[in-house]
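Report on the following structure.
Residue numbers start from 1 in every chain, and the chains themselves are labelled A, B, ... in the order their sequence lines are given, proteins ahead of strands. Since the structure is predicted, the reported quantities are computational estimates derived from the model, not experimental observations.
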Amino acid sequence: MGRITLEKVTKSFGEVEVIPPLDLTIEDGEFTVFVGPSGCGKSTLLRLIAGLEDTTSGHIRIDGEDATDLPPAKRGLAMVFQSYALYPHMSVRKNIAFPMKMAKVPEDEQNRRIEQAAKALNLTEYLDRRPGQLSGGQRQRVAIGRAIVREPAAFLFDEPLSNLDAALRVGMRLEISELHKRLATTMIYVTHDQVEAMTMADKIVVLRAGNIEQVGSPLELYKEPRNTFVAGFIGSPKMNLFEGPEAEKLGAHTAGVRPEHIEVGDPASTYWSGTVGVAEHLGSDTFFHIHETGLADTITVRAPGDVDYKHGDRIGLNPRMDMIHKFDQQGLRIQ
Amino acid sequence: MSTKASRSAARLMISPAVVLLLMWMIVPLVMTVYFSFLRYNLLSPGATPWAGWDNYYWFITDPSFNDAIWNTLALVGGILVITVVGGIGFALLLDRPMFGTGIIRIMVIAPFFVMPTVSALVWKNMFFNPVNGIFGNIATSLGLQPIDFFAEIPLLSIIFIVSWMWLPFATLILLTALQSLDQEQLEAAEMDGASWSNRFWYIMLPHLARAITVVILIQTIFLLSVFAEILVTTNGGPGTATTNLTYLIYVSSLLQFDVGMGSAGGVFAIILANIVAIFLMRMIGKNLDA
Ligand SMILES: Nc1ncnc2c1ncn2[C@@H]1O[C@H](COP(=O)(O)OP(=O)(O)OP(=O)(O)O)[C@@H](O)[C@H]1O
Ligand SMILES: [Mg+2]
């Protein structure tokens with residue numbers, strides 16, 4: 001069980017209010033991702049839930065019970081830190097056993113859980129090594145193992161993959177997702193990487209300066225971003241946002257269209273046109289950065305891999321009209 | 001220093017220093033050993049005939065010798081225990097954010113800057129004196145019999161004075177070590193359900209192990225040769241109650257003018273220091289290569 005509710009939670013460091021009043025419910029078994037730019041308060045929010053920081057006001061409930069003033073150990077949550085925070089002088093086995101030792105779990109039960117976790121995380125051969133003798137990915141798995149054996153009500157991850165290289169990150173991303181499917185435990189995952197957010201989450205919470213900008217499933221956020229911030233943040237490459245006469249023609253103060261919703265074609269017969277700047281060939285796709293469109297400085301377009309335009313070529317752009325997002329003066333979505 | 005070339009270059013570069021240090025060490029050592037085999041007394045100048053093992057024999061069979069060895073060990077051991085335990089305590093206190101941390105830290109470190117003779121005299125006259133000292137006054141005002149520290153518990157008093165002087169050193173080293181501990185480790189342990197004492201025992205203490213080793217090794221080197229504090233307070237007495245090996249060597253060579261005997265004592269001091277060093281290395285050396 002792990003249903004976490006935040007009610008009017010605020011956090012200030014001295015004079016500075018980092019989290020303005022915030023309400024949020026995380027359902028049992030849900031994989032929730034907090035995403036937002038650096039310094040927006042994701043870690044702070046996670047640490048409030050963990051109990052490593054005191055709330056300035058408001059209440060945190062875990063499974064309906066008020067946990068606001070409970071010490072971290074009593075909340076039944078496990079946390080995986082960005083720096084792994086393994087105990088350097090203990091072997092992997094002792095690291096994983098530590099929370100059980102603190103909870104006075106019987107020895108044979110400890111060993112059973114360690115074997116189980118080690119098998120699930122491919123750590124069996126490394127149990128007698130020290131953390132210093134492991135690679136980054138292995139350390140991360142030890143940290144996850146240490147969290148699993150506690151059988152917590154929810155897992156908290158603070159940017160667990162940001163110290164890993166790109167390939168390993170993709171692998172660990174899958175492993176964590178699989179772990180979630182298998183354990184079906186609530187997980188809260190902090191990242192500033194929107195790809196991680198999109199691929200892993202059941203529910204994404206987009207934060208900006210401590211405020212929740214939008215909560216929803218990855219596809220909801222992709223299809224119906226509530227405002228220009230979410231529109232620009234979710235999706236890769238970023239949505240093209242533009243203002244001015246072209247936007248007004250579409251009946252909006254700010255209009256947006258995603259790179260994958262623009263088709264390229266002959267400039268004579270298309271809706272917009274521009275000059276090709278940089279073309280990024282990924283093989284399967286090609287991203288064109290297009291200038292002089294009269295919309296914004298640069299418009300990004302995603303075209304199939306075999307479309308070939310060179311720097312300086314004129315190019316025609318045809319947006320899918322049903323996929324254009326419209327926002328008003330305040331940046332809010334126009335339905 | 002990973003490649004062969006850089007290693008041999010490094011050896012070449014440090015060789016002058018090593019040679020100089022070796023000479024610096026070997027010349028006095030050889031002279032001490034040489035003198036220790038001579039009948040060399042300043043009261044009977046002129047001939048310094050070969051004496052064989054006589055000096056050693058007389059030095060060992062001197063009843064003060066046994067006392068001196070035990071006093072030396074008690075002094076070193078007692079001070080190490082007090083400074084390490086006290087140093088950890090102070091480091092833990094100073095590590096927390098509190099009002100006036102800067103001033104408190106300077107005050108804690110201050111005793112280290114006082115000269116040994118001065119601090120020993122201050123303690124002797126201002127604190128330990130049964131008539132004028134503060135402790136004596138407190139005892140008298142409470143209607144108790146004041147303790148004459150240097151007469152009743154002389155060795156303990158000296159251990160106390162020297163500990164007071166070395167506590168700042170231990171505190172300083174342990175504090176910097178404590179501050180280098182990754183806060184996330186402590187938070188992780190907190191999440192894992194470790195109480196403060198568990199966090200101290202399983203996280204902080206292992207992290208401090210190396211610093212503690214350094215404190216013990218460095219202090220041992222200096223504490224084996226405690227001298228000034230004894231000279232200005234008890235003169236090794238009453239009897240031989242506070243005579244350590246260093247003081248005994250001083251007595252033989254400078255009070256009895258027996259250079260040969262003093263040198264024999266010096267050789268013993270070297271042997272004792274090495275035994276203690278090997279013992280310490282065995283016991284805690286594994287912390288250093290971890
Ligand atoms: N102990 C503290 N004292 C004062 N201000 C703090 C403290 N911790 C965090 N802050 C401030 O709170 C804000 C949010 O910090 P937080 O660490 O939650 O950001 P974040 O979203 O996790 O960023 P990142 O993606 O870079 O990790 C920042 O502006 C930071 O400066
Ligand atoms: Mg953070």
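Taking CE of Met102(A) as the start and CZ of Arg199(B) as the end, the distance is 10.5 Å to the nearest 0.5 Å. Interatomic distance, Tyr87(A) OH to Asp192(B) CG, rounded to the nearest 0.5 Å: 3.5 Å. Rounding to the nearest 0.5 Å gives a distance of 7.0 Å between NE2 of His89(A) and CD of Gln185(B).
More than 12 heavy atoms of other residues, nucleotides or ligands shown are found within 6.0 angstrom of CD1 on Ile271(B). Within a 6.0 Å radius of CH2 in Trp201(B), other residues, nucleotides and ligands contribute 12 heavy atoms or fewer. Residue-environment remark: CZ (Arg96(B)) stays at or below the threshold of 12 foreign heavy atoms within 6.0 Å. A 6.0 Å sphere centred on CZ of Phe222(B) holds no more than 12 heavy atoms belonging to other residues, nucleotides or ligands.
For an aromatic pair to be called close, the ring centres must be under 6.0 Å apart, and Tyr202(B) with Phe98(A) satisfies this.
Proximity to chain B among residues 138-164 of chain A is limited to Arg146(A), Arg150(A), judged by heavy-atom separations below 4.5 angstrom. Annotation: residues 25-64 of chain A contacts chain B through Arg47(A), Ala50(A), Leu52(A) [non-hydrogen atoms, separation under 4.5 Å].
Proximity to chain B is absent for every atom of Met100(A), based on heavy atoms less than 4.5 angstrom apart. Residue Lys101(A) touches chain B through its side chain alone, counting heavy-atom pairs closer than 4.5 Å.
The greatest number of non-hydrogen atom pairs below 4.5 Å with chain B, out of Pro71(A), Ala73(A), Gly132(A), is found for Ala73(A).
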